[in-house]
Amino acid sequence: MPDSGLFRSGVLLLLIVTLHLAEAQAAGEELGPAATDAPAALTIQPVPDMALVPGLDPQAPALDITTALHAAGVNNMQTEIAEANIESSLALERQAYSLLYPTLTASGGYSTVSSSDSPFGAAPAQTTNGTVQVSMNIFNAAAFPGVSAAKKNLQAQRYSSRELERTLAFNVARSFLVIIATEQLLDAGSRRLAVAKQTVVDAKSRAGAGLASQNDATRAQLTQATAQLTVTSDAQSVSSARLALAQLIGLPVVGPIAVAPEVIVPGRDEAALELLALKTREDLASLRLQVEAQRKLALSERLGLVPEVSLVGSYADRNVTGNASLSAGILPAGDPVWTVGLNANWTIYDGGMHSGLADGYNAAARQLYAQYRDQCSILHRDLATALLSLSSAEAAIIQSGVQVDVARTNSREIQARSAQGLATALDVADAIASQFEAEADYVQRAFTLQTDRLQLRNLVGFWPTSDAAPAGTVSDK
């Protein structure tokens, strides 16, 4: 434990920082995440020891978050799903438009009669005929709201597909931050293990010389074993985090990791952020469009009882060989016939089919609108929670930075006193453990701060590294 003078100094420094935090929050300042002597952020984070995390390649190109996001957009199957969903909606839109376009049909036939049915000395008659018909709806009241619904559904699907890609991007960003945090924990644990090993050597020497008890050496060995267990656990976490990111981006993650830049907070005013989210969130926009589309489909079904008018034109001809006497008839051979006409079709009563479908679409619209209102309520709650969490994370990172400074200073002084015979191996073991816990806590606090900032960006509809969707998303195709 630190001596009383150092403890009083640490408490005084913590009080000063706490007062500064309160003043900064009152003035609306953006608080920095680090404190003096906190673990420094590196541009490129070194690859962990390959003896701890096998399969890594220090010579591989460093992976930054921009490259990871691009790779996920190219390789992850969520992108393929998003693109297939858009193609499905495009197909439905073409089906809706088909009611407004002409229909062209062609038919042909061949017939013959047996020789016994032909007059004496005449060859059997053989007939070929063909008809081409063109029809086009001149008035179809149900087609226009159907087309409008298909267009709205297509745009809604574009929003949903882009939201699928945005969710993937945030999963990649979080996995990226997890790798950085776990590797920093592994680095801190490795330093703790190195000091613990040296402490064991010193404790055994002092015990052998009769300057310390054997219990001190045993306690130092326990500290070393605990540090070794922590390093092993952290190494497994690093491997798992790299595998998780590799699955998301479709590439092996074996090289150095470029430390992610600070996540930019979109704002602090809850009301302004909520308005921004309602304007920017494409999942909410998709729900609004789906509500409108269902209402249009209901209208289309109700208009299905309105008479339809279509224009029909046809061309028919036939050819007869053999018995010429059979060529007479309504359609003489070699005499083509043109017809043009208007057809009207009015379904007076359909047993309630159209009204039943319309009621189903209206119920679907109600359901979607209820989902939209529910999502807006959840957004309001999540924004308030995210802002509170962010404030807490900013306060915690400053306190944790001060704790790191106090723990490092205390560890250096205890080790110096131990070298002079003024501190036992137990004191050194406690100081090492306190320093590691402070450094590990700082890494976790920094990770929490970054993820809280990411969460706020996610809630308002921004992307991890940009406010708008990057170019090349499937919804742009």
Side-chain angles (χ1 to χ4, degrees), residues 33-34 38-79 168-198 223-263 404 408 432-433 435-451 454 464-465:
L42 303 175
T43 303
I44 302 296
Q45 188 160 277
V47 172
D49 187 353
M50 288 186 289
L52 299 174
V53 186
L56 301 186
D57 182 9
Q59 304 303 320
L63 179 66
D64 59 76
I65 191 169
T66 302
T67 303
L69 291 172
H70 176 74
V74 173
N75 300 324
N76 194 279
M77 287 298 101
Q78 292 297 314
T79 302
L168 171 62
F170 274 97
N171 289 338
V172 170
R174 291 189 186 95
S175 295
F176 204 86
L177 293 177
V178 168
I179 292 178
I180 293 173
T182 53
E183 290 189 355
Q184 289 177 350
L185 285 174
L186 178 59
D187 181 61
S190 298
R191 294 197 304 269
R192 175 195 182 188
L193 179 59
V195 176
K197 288 180 178 179
Q198 184 60 46
T223 301
Q224 177 184 341
T226 303
Q228 182 65 62
L229 177 61
T230 301
V231 167
T232 302
S233 177
D234 290 341
Q236 292 177 352
S237 297
V238 169
S239 296
S240 298
R242 284 177 171 263
L243 287 173
L245 182 60
Q247 185 273 326
L248 288 173
I249 67 176
L251 295 174
V253 183
V254 297
I257 297 294
V259 176
E262 290 294 320
V263 180
V404 168
R408 286 176 174 175
I432 294 171
Q435 179 180 344
F436 170 76
E437 290 171 359
E439 291 177 345
D441 179 73
Y442 183 88
V443 171
Q444 293 168 351
R445 300 288 186 182
F447 172 75
T448 301
L449 178 61
Q450 289 283 71
T451 52
L454 269 182
T465 58

Partner residues of Thr182 under the side-chain contact (heavy atoms from CB on, under 4.5 Å) criterion, sequence neighbours left out: Val178, Ser237, Val238, Ala241

Against Phe176, only a single residue in Ile257, Leu69, Val259 fulfils side chain to side chain contact (heavy atoms under 4.5 Å, CB included); can you say which? Ile257

Checking Ser240 now: which residues fulfil side-chain contact (heavy atoms from CB on, under 4.5 Å) with it, not counting sequence neighbours? none

Taking every heavy atom of Ile44 against every heavy atom of Pro256, the minimum-distance pair comes out as CG2-CB, 3.7 Å

Sequence neighbours excluded, which residues qualify as side chain to side chain donor-acceptor pair (under 3.5 Å) partners of Asp187? Arg191

Indicate yes or no: at least one non-hydrogen side-chain atom of Phe436 is less than 4.5 angstrom from one of Thr230. yes

Heavy atoms only: give me the nearest Val404-Ala438 pair and the separation to one decimal. CG2-O, 3.3 Å

Would you say the side chain of Thr79 lies within less than 4.5 Å of the side chain of Val74, judging by non-hydrogen atoms? no

Looking at every non-hydrogen atom in both residues, tell me the closest pair between Pro48 and Leu56 and how far apart they are. CD-CD1, 3.7 Å

Do Pro464 and Leu454 make a side-chain contact, defined as non-hydrogen atoms from C-beta onward lying under 4.5 Å apart? yes

What I'd like to find out is whether the side chain of Ile249 reaches to under 4.5 Å of the side chain of Asn75, using heavy atoms alone. no

Chi angles and distances behind the side-chain contact (heavy atoms from CB on, under 4.5 Å) call for Gln450, Arg174: CA-CA 9 Å; Gln450 289 283 71; Arg174 291 189 186 95; over 6 Å; no

What's the verdict on side-chain contact (heavy atoms from CB on, under 4.5 Å) for Leu245 and Leu63, showing C-alpha distance, side-chain angles and the deciding distance? CA-CA 11 Å; Leu245 182 60; Leu63 179 66; 4.0 Å; yes

Distance col, row Gln224:CD vs Gln198:CD, nearest 0.5 angstrom, shows 10.5 Å

How close do Ala68 and Val172 get, heavy atom to heavy atom, and via which atoms? CB-CG1, 3.9 Å

Sequence neighbours excluded - salt bridge (Lys or Arg N to Asp or Glu O under 4.0 Å) pairs with any residue from residues 440-449: Asp441-Arg445

Is the side chain of Thr232 donor-acceptor paired with the backbone N or O of Gln228 at a distance under 3.5 Å, no angle test? yes

Distance (rounded to the nearest 0.5 Å) between Ile180 CD1 and Ile65 CD1: 7.5 Å

Please step through side-chain contact (heavy atoms from CB on, under 4.5 Å) for the pair Asp57 and Val47, ending with a clear verdict. CA-CA 8 Å; Asp57 182 9; Val47 172; over 6 Å; no

Should Thr226 and Arg192 count as side-chain neighbours, where that means a heavy-atom distance under 4.5 Å? yes

Those residues that, when tested against Glu183, pass side chain to side chain donor-acceptor pair (under 3.5 Å) (two or more places apart): Gln45, Arg242

Test side chain to side chain donor-acceptor pair (under 3.5 Å) applied to Thr67 - qualifying residues, sequence neighbours left out: Asp64

Min side-chain heavy-atom separation Arg408-Glu439 under 4.5 Å: yes

Least distance between heavy atoms, Ala60 atom then Val254 atom: CB-CG2, 4.4 Å

Interatomic distance, Leu449 atom CG to Glu262 atom CD [nearest 0.5 angstrom]: 7.0 Å

Heavy-atom side-chain proximity of Leu186 to Val53 below 4.5 angstrom: yes

When you compare the side chain of Ser190 with that of Leu52, does any pair of heavy atoms fall below 4.5 Å? yes

